[in-house]
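This report refers to the structure that appears directly beneath it.
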Amino acid sequence: MVEPCQSVSAADGSGCEEARRQLMLFRQAIEQLGLPVLITNVQGRIEYANPAMERTSGYGSAELIGATPRLLSSGEMARETYQVLWQTVMGGESWQGELLNRRKNGEKYWERLLVAPLRDEAGAIAHLVSIHEDLTERKATASRLEQLASIDQLTGLPNRACLLDRLAGAIRDASIQGCSLSFAYLDLDRFRAINDTVGSEEANRLLIGVASRMQAVIRRGDILARLGGDEFALLLWNVAIDDPACEALQRLRAALAMPQVVCGRTVAMTASTGVAVFPRDGADADSLLRAAEAAALAAKRDGDDKVRLYSPELQTVHGDALDMTAGLRRAIDCDELVLHFQPQVSLLSGEIVGAEALIRWQHPERGLLAPGVFIAHAEETGLIVPMTEWVIYAACAQAAAWREAGLPPLKIAINLSARHFREGNLPDVVAATLAATGLEANRLELELTESAMMQDSAAVIRIVDRFKSLGLRLALDDFGTGYSSLAHLSRFAIDYLKVDQSFIRDVTSNPVNASIVTATIAMAHKLGKRVIAEGVETEAQMNFLRRHECDQMQGYFFSKPLPAAEFEALLREGRRLSFEAANLEHGARTLLLVDDEPGILNALKRLLRREGYRILTADSAAEGLDLLAKNQVQVIISDQRMPGMSGVEFLSRVKDLYPETVRMVLSGYSELGTLTDAINRGAIWKFLTKPWDDEALKMTIVDAFRQAGDTPAEP
Ligand code: C2E
Ligand code: MG
Ligand code: MG
């Protein structure tokens, strides 16, 4: 180090004192500076090192002074770097740059440094000062960031970007060496359902397990990556897979299938796998990935646990699929979707009681497309969600408009896909739509399939409960085609069961299907559900269904699904099935209503007008007995409080006179006490309260006729 007073010329002692003070100040500043500082002479010998330099390098000042900075060199920097440094500073400029150095303990470290020349009074360069910054921390952070960008944080596997990068490198190497690569794209089966069932935390654990099991069975040199979600990819070096059952894929499938415990349940995973081979199926990373993806999509369509090798036709299918996706998006946004309505007809009254809304796509080039063409695709791509929201709105708005126009009240049924059903906010969407359109909740019926019910039943029960609490009706669609289970019927609060058309088609000729249909109807009725038969095409089928007490039907025999305007015309002209002749021939179902209040009798008649009963009314017990003498009556509903004779007295008499009748009292709660005795003596079958719930009352009357052993007229 340059001794302060030697290099400072002072005219007198006090000047020297001041200069000394200033130099002390500078020295202290440099000593206490957190950054390492070195001063060397022009021969390159170190003359001064501050404490920070001692700490960073690990050398004491005695070791440093007199040595050259080469002491710190890692030996890994290019010689030219030092040459440029030296030439720059000796040319009078400062130099900045990064050097890889070595500490006394051998550890290498990066530092950024600034080296500047120091001139003496004559202006000649006498010393060099360098200020260093240890970059170890900063470099470590940068490399962590780089890693973060290429590693999938959940599984620790390379991510999509990293894989594409490595795939490009592998393709380069393979082209030079003239070898093949295989690229497998794996899409886990049913992962979404598992995720919805167990929640994302458990599902993530499952993904980690799956990744580590697969990682354990791949060859060194092959790369397993997670592309995102439940999609993985495997790059196999120097293999051209031409057999879906090849050993490498079998090992992978076996690893996947190793049981894992999720939420206390053991699950074994499978994947739909697509394989593309370089150079045959794609010449660059992007096209190879797309080819494998198209093959995986085809594998998924084949069912669970399938492997597909890429073939060029798949790409066109995949291309079509992409067109379809874009087209559907446009259809939803640009009003190309339409609803048709198929009447649902009561098999008791013959009247239209509801409509099923069925979606169509008015395609600008391909014309009117049936749902079979696009629903599955909408489900695969998730477009089913906005599509169903459109259907819910359009159907509710249409039903509300018909009601406003004064047409007879109808229920409107819409179809929900299993996938959408699992999206938790569906009840909110429905509630908001009902509020926006003003449609009463009990006019809306949601058709669910058994596969929707098959999911995690706790979650399903929650959603079903929310729908029920909104006041909606629920129907189980296509019953008999899926996992038809009694458990679904009894566990879920379903109102209607729709027997699939595949059973109806030959119901009059195939004894097995006939038995299935009749047993289903009986079972549903026992559980308090109503039955709708789908796909009724002939009068014979309809008659069979009536004979076996099926409640409603839907099918070409009455009407195909119709555009809204045509359906409305049908309603306006009052089109109905006619059973009159059959009813007269075999004696109609006759219901006797007894009440002294004309208002009540009128309200009941209005409510039951379209249910297909012959309705007799009496304003007193005496008139009721009179009517009973003249008519064959199966079911009686009587008021309790009437002048002359109470309801209980009246029905007790009827019990003795006509024991086969089914008798009910319609009364206020306050009169319950007087009725217990009558109920106990069997004079009364059921006690109904005023005011009544329309739907519940209709159901009870249907049950009462069944109780009366009355089968509908046999045509
Ligand atoms: P689905 O719910 O079982 O609807 C009944 C299907 O049977 C309709 O076909 C209807 O046109 C047809 N059909 C009705 N009566 C007869 C008949 O007498 N004979 C024959 N052979 N067929 C009859 P469509 O309209 O092609 O709909 C097919 C399926 O597409 C529906 O089956 C339903 O699962 C689905 N779908 C329709 N609209 C929607 C919707 O808005 N959302 C969802 N998720 N699915 C829908
Ligand atoms: Mg349906
Ligand atoms: Mg159906």
Side-chain angles (χ1 to χ4, degrees), residues 328 331-332 336-345 352 354-362 367-399 411-423 426 429-430 433 444-453 473-482 484 494-508 531-542 544-545 550 552-564 566-567 577:
L328 267 178
I332 297 167
E336 290 173 17
L337 300 176
V338 276
L339 287 182
H340 281 190
F341 297 87
Q342 185 171 38
Q344 296 179 324
V345 184
I352 299 175
E356 178 174 7
L358 294 157
I359 196 168
R360 308 283 181 260
W361 177 5
Q362 187 64 59
L368 195 67
L369 301 181
V373 180
F374 57 90
I375 289 283
H377 188 82
E379 288 185 339
E380 269 164 30
T381 53
L383 285 171
I384 192 74
V385 174
M387 178 179 290
T388 310
E389 284 169 8
W390 179 87
V391 170
I392 296 172
Y393 186 85
C396 290
Q398 182 63 74
K411 67 180 161 86
I412 285 281
I414 56 179
N415 293 278
L416 291 185
S417 85
R419 159 118 188 226
H420 196 169
F421 186 65
R422 280 183 264 126
E423 309 274 333
L426 194 55
V429 171
V430 171
T433 310
L444 183 62
E445 183 175 308
L446 302 180
E447 294 192 3
L448 313 169
T449 56
E450 283 174 280
S451 51
M453 301 275 160
R473 313 249 174 259
L474 297 180
L476 190 54
D477 202 357
D478 304 341
F479 187 78
T481 55
S484 317
I494 296 155
D495 306 281
Y496 291 90
L497 197 147
K498 298 190 75 175
V499 180
D500 191 67
Q501 50 180 280
S502 55
F503 296 96
I504 306 300
R505 201 166 295 134
D506 56 0
V507 75
T508 53
V531 181
I532 305 175
E534 296 189 279
V536 178
E537 293 184 350
T538 66
E539 189 171 16
Q541 290 164 351
M542 178 191 76
F544 177 93
L545 292 162
C550 183
Q552 294 168 15
M553 64 154 248
Q554 188 182 333
Y556 296 170
F557 177 64
F558 185 78
S559 168
K560 292 198 167 190
L562 300 170
E566 289 176 40
F567 182 87
L577 284 171

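Counting starts at 1 for both ligands and their atoms, in listed order. Predicted, not measured: the structure shown is a model, and the values here were computed from it.
Side-chain contact between V391 and L337 is absent, with no heavy-atom pair separated by less than 4.5 Å. I359 places none of its side-chain heavy atoms less than 4.5 Å from the side chain of N415. Using a 4.5 Å heavy-atom cutoff, the side chains of L368 and H340 are in contact. Proximity of L577 to F558: side-chain heavy atoms (C-beta onward) are separated by under 4.5 Å at one or more points. With contacts defined as side-chain heavy-atom distances shorter than 4.5 Å, the pair I532/E447 does not qualify. For the pair Q398/F567, no side-chain contact is recorded, criterion being any heavy-atom separation below 4.5 Å from C-beta on. A heavy-atom distance below 4.5 Å is not found between the side chains of F479 and D500. Here the side chains of Y496 and E445 are in contact, with some heavy-atom distance below 4.5 Å.
Every atom of ligand 1 with a heavy atom of E537 under 4.0 Å away is listed here by number and element: 17 (C), 18 (O), 19 (N), 20 (C), 21 (N). The distance from ligand 1 to the heavy atoms of Q342 drops below 4.0 Å at these ligand atoms: 14 (C), 15 (N). Residue V391 approaches ligand 1 through these ligand atoms, each under 4.0 Å from one of its heavy atoms: 41 (O). In the vicinity of P561, heavy-atom distances shorter than 4.0 Å reach the ligand 1 atoms 11 (O). Each of the following atoms of ligand 1 lies closer than 4.0 Å to a heavy atom of S417: 44 (N). Using a 4.0 Å cut-off to heavy atoms of G555, the atoms of ligand 1 that qualify are 15 (N), 18 (O).
Using a 4.0 Å heavy-atom cutoff, T388 is absent from the residues neighbouring ligand 1. Ligand 1 has no atom lying under 4.0 Å from any heavy atom of H340. The closest approach between a heavy atom of R360 and any atom of ligand 1 is below 4.0 Å.
Only the side chain of E534 comes within 4.0 Å of ligand 1, judged by heavy-atom distances. Counting heavy atoms closer than 4.0 Å to ligand 1, residue L339 contributes nothing at all. Neither the backbone nor the side chain of T449 has any atom closer than 4.0 Å to an atom of ligand 1 (non-hydrogen atoms only). Contacts between K560 and ligand 1 below 4.0 angstrom, taking non-hydrogen atoms only, are absent altogether. The residue D500 has no part lying near ligand 1, judged by heavy-atom distances below 4.0 Å. Contacts with ligand 1 closer than 4.0 Å are made by no heavy atom of Q554, backbone or side chain.
Partners of A540 under the side-chain contact (heavy atoms from CB on, under 4.5 Å) rule, at least two apart in sequence or in another chain, are T508, T538. Partners of A399 by side-chain contact (heavy atoms from CB on, under 4.5 Å), not counting sequence neighbours, listed by chain and number: I412, L439.
For atom 26 (O) of ligand 1, the candidate residues are P371, S559, A394; the nearest heavy-atom contact is made by P371. The closest non-hydrogen atom to atom 7 (O) of ligand 1, taken over E356, R505, M387, Q501, comes from Q501. Proximity annotation for atom 2 (O) of ligand 1: of D477, V536, I504, V373, D477 comes nearest, heavy atoms only. Distances from atom 17 (C) of ligand 1 to the heavy atoms of Y556, W390, F558 show the closest one on Y556.
When atom types are taken as modelled, the side chain of E534 and the backbone of Q554 share no donor-acceptor pair closer than 3.5 angstrom. D477 places no side-chain N or O within donor-acceptor distance of the main-chain N or O of T449, the cut-off being under 3.5 Å.
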> Run the side-chain contact (heavy atoms from CB on, under 4.5 Å) check on K498 and E356 step by step: do they pass?
Replying inline: CA-CA 12 Å; K498 298 190 75 175; E356 178 174 7; 2.8 Å; yes

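Sorting the N, O or S atoms of E447 by how far they are from the Mg ion (ligand 2) puts OE1 first. The Mg ion (ligand 2) is closest to atom OE2 of E356 (considering only N, O or S atoms). Distances from the Mg ion (ligand 2) to each N, O or S atom of D477 single out OD2 as the nearest.
For ligand 1, the polar-atom distance check against N415 finds a nitrogen or oxygen pair separated by under 3.5 Å.
In this structure, E539 places its CD atom where only 12 or fewer heavy-atom neighbours from other residues, nucleotides or ligands lie under 6.0 Å away.
Residue contact annotation: D478 places no N/O/S atom under 2.8 Å from the Mg ion (ligand 2).
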